[in-house]
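First the structure, in the form of structure tokens, and then the observations on it.
Computation of the quantities below employed the complete heavy-atom set of this structure, encompassing side-chain atoms and omitting hydrogens, waters and symmetry-equivalent molecules.
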Amino acid sequence: MSVSLYYSARRPAPLTAAESAAVERVVTAHRATFPYPDEEDLCLYADPGDGPEDVLAGSTKLPADPDRALPVIAHVLDAVTGLRRALPGAAWHVHLDDLDVPWDEDGGYGFGDDGF
């Protein structure tokens, strides 16, 4: 059984050119520092959804090995935090299968006081 991290953003206005460039910068920076090249990293869908307000969506299949899964989750949540901050006014939904990932305005996405 596999576990995945899902992330999506919705808002009435589409991405601007500047926001699209900011998203690319976040994705590029995080891919360059991803700890496991043989595992799935931040993966944004080409089509963010069926509705006109769907502006960004993606998922990451997590490694089965917990020693690898935790660093992947932390890395991807850091990237999604950067994406959220690059897209003001969007309503985000980030979840690990059925478990919503909490948002903290200062620390971003994570579980607990230590950010994960």
Side-chain angles (χ1 to χ4, degrees):
M1 181 173 120
S2 67
V3 175
S4 295
L5 183 65
Y6 299 92
Y7 26 92
S8 60
R10 300 188 65 181
R11 70 171 192 203
L15 298 183
T16 65
E19 290 170 333
S20 292
V23 165
E24 261 320 299
R25 283 191 300 276
V26 169
V27 170
T28 299
H30 282 274
R31 286 186 178 153
T33 61
F34 189 66
Y36 304 114
D38 56 332
E39 301 290 355
E40 191 171 307
D41 189 8
L42 183 72
C43 179
L44 298 181
Y45 305 147
D47 182 1
D50 297 330
E53 293 187 351
D54 297 324
V55 294
L56 187 138
S59 66
T60 302
K61 181 180 173 187
L62 300 176
D65 178 354
D67 289 336
R68 291 176 77 114
L70 294 177
V72 169
I73 292 169
H75 187 83
V76 173
L77 289 178
D78 186 46
V80 175
T81 294
L83 292 172
R84 179 175 175 147
R85 290 185 171 142
L87 302 178
W92 283 82
H93 185 213
V94 178
H95 56 105
L96 189 63
D97 284 345
D98 293 336
L99 176 66
D100 285 341
V101 179
W103 169 256
D104 175 77
E105 199 60 46
D106 295 324
Y109 285 106
F111 297 100
D113 293 336
D114 61 357
F116 186 80

(request) Determine the minimum heavy-atom distance between Thr16 and Arg11, stating which atoms define it. (result) N-NH2, 4.3 Å
(request) Indicate, with yes or no, if Val27 and Trp92 share a hydrophobic cluster defined by side-chain heavy-atom contacts under 4.5 Å among Ile, Leu, Val, Met, Phe, Trp and Tyr. (result) yes
(request) Identify whether Leu44 and Val72 are in the same connected component of the hydrophobic contact network (ILVMFWY, side-chain heavy atoms under 4.5 Å). (result) yes
(message) Is there a side-chain contact between Asp41 and Thr60 in this structure, where contact means two heavy atoms from C-beta onward sitting under 4.5 Å apart?
(response) no
(request) Identify the heavy atoms of Ser20 and Leu15 that sit nearest to each other, and give their distance. (result) OG-CB, 3.7 Å
Could you pull out all donor-acceptor pairs under 3.5 Å where a side-chain atom in residues 74-81 meets a protein atom, sequence neighbours excluded?
unit_1 : atom_1 : unit_2 : atom_2 : d
His75  : NE2    : His30  : O      : 2.7
Thr81  : OG1    : Leu77  : O      : 2.9
Thr81  : OG1    : Tyr109 : N      : 2.9

(request) List the atom of Ala90, the atom of Ala9, and the distance in Å for their closest heavy-atom pair. (result) CB-CB, 4.0 Å
(message) Rounded to the nearest 0.5 Å, what separates atom OG in Ser8 from atom NE2 in His95?
(response) 6.0 Å
(request) Looking only at non-hydrogen atoms, find the nearest pair between Gly49 and Asp47 and report the distance. (result) O-OD1, 3.0 Å
(request) Not counting sequence neighbours, which residues clear salt bridge (charged side-chain N to carboxylate O under 4.0 Å, His left out) with Arg84? List them please. (result) none
(message) Quick check for you: to the nearest 0.5 Å, what is the distance between Glu40 atom CD and Leu62 atom CG?
(response) 8.5 Å
(message) Using side-chain heavy atoms (C-beta onward) and a distance below 4.5 Å, is Ile73 in contact with Val101?
(response) no
(request) Compare all side-chain heavy atoms of Ser4 with those of Asp97 and state whether any distance is below 4.5 angstrom. (result) yes
(request) Ignoring hydrogens and angles, tell me if any N or O in the side chain of Tyr7 forms a donor-acceptor pair with the backbone of Ser59 under 3.5 Å. (result) yes
(message) Between Leu96 and Tyr45, is there shared hydrophobic-cluster membership here, with clusters defined by ILVMFWY side-chain heavy atoms closer than 4.5 Å?
(response) no
(request) Return yes when atom CG of Asp50 has more than 12 non-hydrogen atoms of other residues, nucleotides or ligands closer than 6.0 Å, and no otherwise. (result) no
(request) Look at the side-chain heavy atoms of Ile, Leu, Val, Met, Phe, Trp and Tyr, link any pair under 4.5 Å apart, and say whether Leu87 and Tyr6 land in one connected group. (result) no
(request) Check whether any side-chain heavy atom of Arg68 lies under 4.5 Å from a side-chain heavy atom of Pro35, and answer yes or no. (result) no
(request) Identify the heavy atoms of Ala18 and Arg25 that sit nearest to each other, and give their distance. (result) O-NH2, 4.5 Å
(message) To check you understand the geometry: which heavy-atom pair defines the closest contact between Ala86 and Ala22, and what is its length?
(response) CB-CB, 4.0 Å
(request) State which residues pass side-chain hydrogen bond (donor to acceptor under 3.5 Å, both in side chains) with Tyr36; sequence neighbours excluded, sorted by chain then number. (result) none
